[in-house]
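Comments concern the structure below.
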Amino acid sequence: MTDLQDPIEFELFKNSIFAIADEMAVTITRTTYSGVLKDNMDFSTAFADAEGKMVAQGLSLPGHLGSIPTALEATMRQFGDDMEPGDVFILNDPFNGGMHLPDIFVFKPIYHEEKRLAFAATICHHTDVGGRVAGSNAADSTEIYQEGLRIPLLKFYEAGKRNETTVAFIEKNVRVPVKVLGDLRAQLAACHNAEHQFLELVERYGADKVEPYLQEILDYAERMTRAAISELPDGEYSFEDWIDDDGVEFGKPIRLFVTIKKTGDSLVADWTGTSPQVKGAINNTLSFTKAAVYCCVRSVLPKGIPNNEGVFRAIEVTAPAGTIANMVLPGACAARGLTGFRMVDCCFGALAMMLPDKVFAASDGGNTGISIGGYDADRKPFIYVDFTCGTWGGRPYSDGLDGNSNMAANMASTSVEVTEAEHPIEILSYEFVPDRSGAGKYRGGTPYRRDYRLLEEEAVLQVRSDRRDFRPYGLYGGYPGKPSLNFINPTGSDDEPVKAKLTMTMKRGDVLRHELAGAAGWGDPLERDPSAVLRDVRNEMISASTAEKDYGVVLDTEKWMVNLEQTQKLRAKIAQLRGWTEVPTVLREDPPGLSAKQVELQAD
């Protein structure tokens with residue numbers, strides 16, 4: 001611990017550093033070109049010390065918690081002795097610090113009187129980096145070489161002079177260079193602002209204080225983390241979940257398995273037992289696997305602990321090389337977000353075994369990635385990228401959130417008006433879908449659907465989704481959520497869904513409908529307050545028939561009242577029909593034998 005003579009001054013300095021990281025995020029939002037950044041907000045900013053240790057992360061994605069430290073570590077390993085004022089570094093190589101090719105890192109070392117004191121760090125998901133499919137995010141690529149431009153760790157600027165060769169290579173290998181280069185300038189602007197604000201702090205406090213203060217922020221976070229972890233119960237807690245398939249070998253489930261070992265003031269998350277690396281482009285880098293764990297563990301710790309590498313010192317994450325959790329060459333990873341988000345579900349499942357009163361049931365499985373790209377009549381390219389997610393699992397104390405971004409994504413929803421103004425796409429519907437959330441004492445969040453209609457002659461559609469075959473799991477008697485669905489040109493209730501992961505050609509007028517998976521419930525639905533069920537029916541989150549089938553609540557929908565006597569009788573009959581001798585800890589399918597017809601017969 002640093003000897004702090006003035007703890008109030010340190011607190012002011014600490015919050016100033018956090019504010020710099022947040023201001024970087026605001027800068028990107030205000031200066032970026034592409035919708036995936038200014039609307040979806042798929043980016044992160046951070047501030048690090050002179051050795052590249054992340055001290056603060058800005059207001060953005062928990063999913064990048066493990067990526068920036070890994071990328072800075074690679075930068076220090078390659079260029080630690082070859083830096084000077086005015087240098088800026090760029091990379092996206094998943095096998096040397098990166099995560100997947102659309103995520104481009106830009107780092108700027110910050111100097112004072114020729115001495116390096118800190119780094120400004122950014123990562124942005126770019127609209128396109130080339131490759132076989134517009135948007136560079138297809139799930140059915142089978143090796144990294146198909147996925148786009150792979151940028152090794154390079155000097156983007158050297159001593160203040162831009163590397164024009166690097167710029168030319170990027171410009172000639174992406175479909176929308178104006179957006180990509182514009183977004184890179186937004187990252188540079190964020191780094192420049194961070195440099196300016198940090199040097200103001202150096203002038204105020206002096207370089208001799210700034211360095212130990214940065215170190216103390218890390219030590220402070222480590223002390224808080226270890227103190228909080230020490231309060232958790234010791235032991236080993238394992239959980240298993242499954243990804244439907246990899247988009248190449250359809251119908252072949254992919255196992256996720258984690259064991260959390262907690263001892264004293266530290267914790268280990270071991271992914272041994274997880275599936276070997278797969279053919280499809282959903283393989284994870286170890287850095288993204290780390291981010292999933294950090295997000296989950298951080299969520300069960302007290303508020304107020306900074307998000308930095310001090311936290312990570314108390315949390316070890318391991319995964320065998322050559323698995324889907326730690327890929328090796330030539331693994332494809334463009335759609336690795338799917339796996340990372342599903343790892344969050346798996347890790348939360350293990351934590352639920354440790355802390356049943358703190359952890360929610362499974363959410364929608366993370367965001368669905370949708371890209372629609374092609375050329376207009378003048379051969380001008382267009383690429384629409386949307387990452388859509390919106391349901392939280394039921395919590396031990398409250399319902400899951402409706403229409404709220406997945407915890408690990410923390411993304412905004414793309415505005416319908418902006419989408420239609422900037423792309424040849426019409427959004428026909430954007431609405432909650434009733435009867436899709438998992439029932440529970442606290443129900444899961446209600447999912448939504450979006451319908452996308454193409455207005456150009458032709459485009460390539462890519463969809464990366466999951467939770468079709470393996471539904472979001474319920475906890476402690478809560479029912480699983482309903483599966484996600486994709487439809488092409490839907491006409492009615494008899495439509496047959498298409499695959500969860502697909503790449504296909506759309507023609508003018510074609511419509512894609514995507515329905516998110518419903519989040520799962522927490523606790524026995526027969527213990528849900530009947531007035532809450534009535535409220536859900538009135539709000540069209542569930543139907544009156546589902547109120548009876550899943551919750552055993554009989555409603556008078558003309559008077560909007562609960563028939564308490566009939567409800568009591570029906571709940572007793574449903575409990576008998578289920579035949580539970582004890583409440584199941586995890587539910588992945590609806591209870592056997594429970595159907596609307598059986599409940600109707602029992603109620604007569």
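All figures in this text were calculated on a predicted structure; none of them were measured in a lab. For the numbers below, each heavy atom of this structure counts, side chains included, while hydrogens, waters and symmetry mates do not.
By the 30° and 60° cut-offs, the orientation of the rings of Y448 relative to Y430 is perpendicular. Using bins of under 30°, 30° to 60° and over 60° for the plane-to-plane angle, the ring pair F470/W242 lands in the parallel bin. Ring orientation note: the planes of Y384 and H423 are nearly perpendicular, at an angle over 60° on the 30°/60° scale.
For the residue pair N137 and S371, no side-chain donor N or O sits within less than 3.5 Å of a side-chain acceptor on the partner. Checked by atom type, the side-chain pair T388/D386 shows no donor-acceptor distance below 3.5 Å. Of the N and O atoms on the side chains of S67 and D103, not one donor lies less than 3.5 Å from an acceptor on the other residue. Donor-acceptor pairing under 3.5 Å is recorded for the side chains of T546 and D435. Between D451 and S429, the side chains place a donor N or O and an acceptor N or O closer than 3.5 Å (distance only, hydrogens not considered).
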**Message:** Pair D270, T318 - check side chain to side chain donor-acceptor pair (under 3.5 Å), show working.
**Reply:** CA-CA 5 Å; D270 181 10; T318 61; 3.1 Å; yes
**Prompt:** Please walk me through it: do R471 and K482 pass side chain to side chain contact (heavy atoms under 4.5 Å, CB included)?
**Reply:** CA-CA 6 Å; R471 295 158 55 186; K482 297 299 189 293; 3.9 Å; yes
**Item:** Stepwise side chain to side chain contact (heavy atoms under 4.5 Å, CB included) check, T585 with M353
**Value:** CA-CA 9 Å; T585 302; M353 305 301 104; 3.6 Å; yes
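When ring centroids are compared, Y473 and F239 come within the 6.0 Å threshold.
Counting heavy-atom neighbours within 6.0 Å of M561 CE, excluding the residue itself, gives a total of 12 or less. Counting heavy-atom neighbours within 6.0 Å of E420 CD, excluding the residue itself, gives a total above 12. No more than 12 heavy atoms of other residues, nucleotides or ligands sit less than 6.0 Å from atom CD of E540.
A donor-acceptor pair under 3.5 Å is formed between the side chain of R298 and the backbone N or O of I305. Of the possible polar contacts, one joining the T339 side chain to the I282 backbone as a donor-acceptor pair under 3.5 Å is found. Remark: the backbone N or O of G280 is paired with a side-chain donor or acceptor of D246 at under 3.5 angstrom. When atom types are taken as modelled, the side chain of N486 and the backbone of K499 share a donor-acceptor pair closer than 3.5 angstrom. Put simply, the side chain of S405 gets close to the backbone of M411: a donor and an acceptor are under 3.5 Å apart. Side chain of K262 to backbone of I229: a donor-acceptor contact under 3.5 angstrom is found. Side-chain atoms of R453 never come within 3.5 Å of backbone atoms of V511 as a donor-acceptor pair (strictly under, hydrogens ignored). A side-chain donor-acceptor contact under 3.5 Å links Q277 to the backbone of V328. Formation of a donor-acceptor pair under 3.5 Å by the D495 side chain with backbone atoms of G492 is found in this model.
For the side chain to side chain donor-acceptor pair (under 3.5 Å) with N284, the lone residue among T323, T289, T274 that qualifies is T289. With R467 as the fixed residue, the salt bridge (Lys or Arg N to Asp or Glu O under 4.0 Å) test singles out one of D364, D244, D241: D241.
Screening residues 540-564 for ring-ring contact (aromatic ring centres under 6.0 Å, His included) gives no qualifying pairs among residues at least two apart or on separate chains.
Of all non-hydrogen atoms in G340 and A292, the two that sit nearest each other are O-CB, 3.8 Å.
Figure legend: K290 and F312 shown without cation-pi pairing, the cationic atom not lying both under 6.0 angstrom from the six-membered ring centre and within 45 degrees of its axis.
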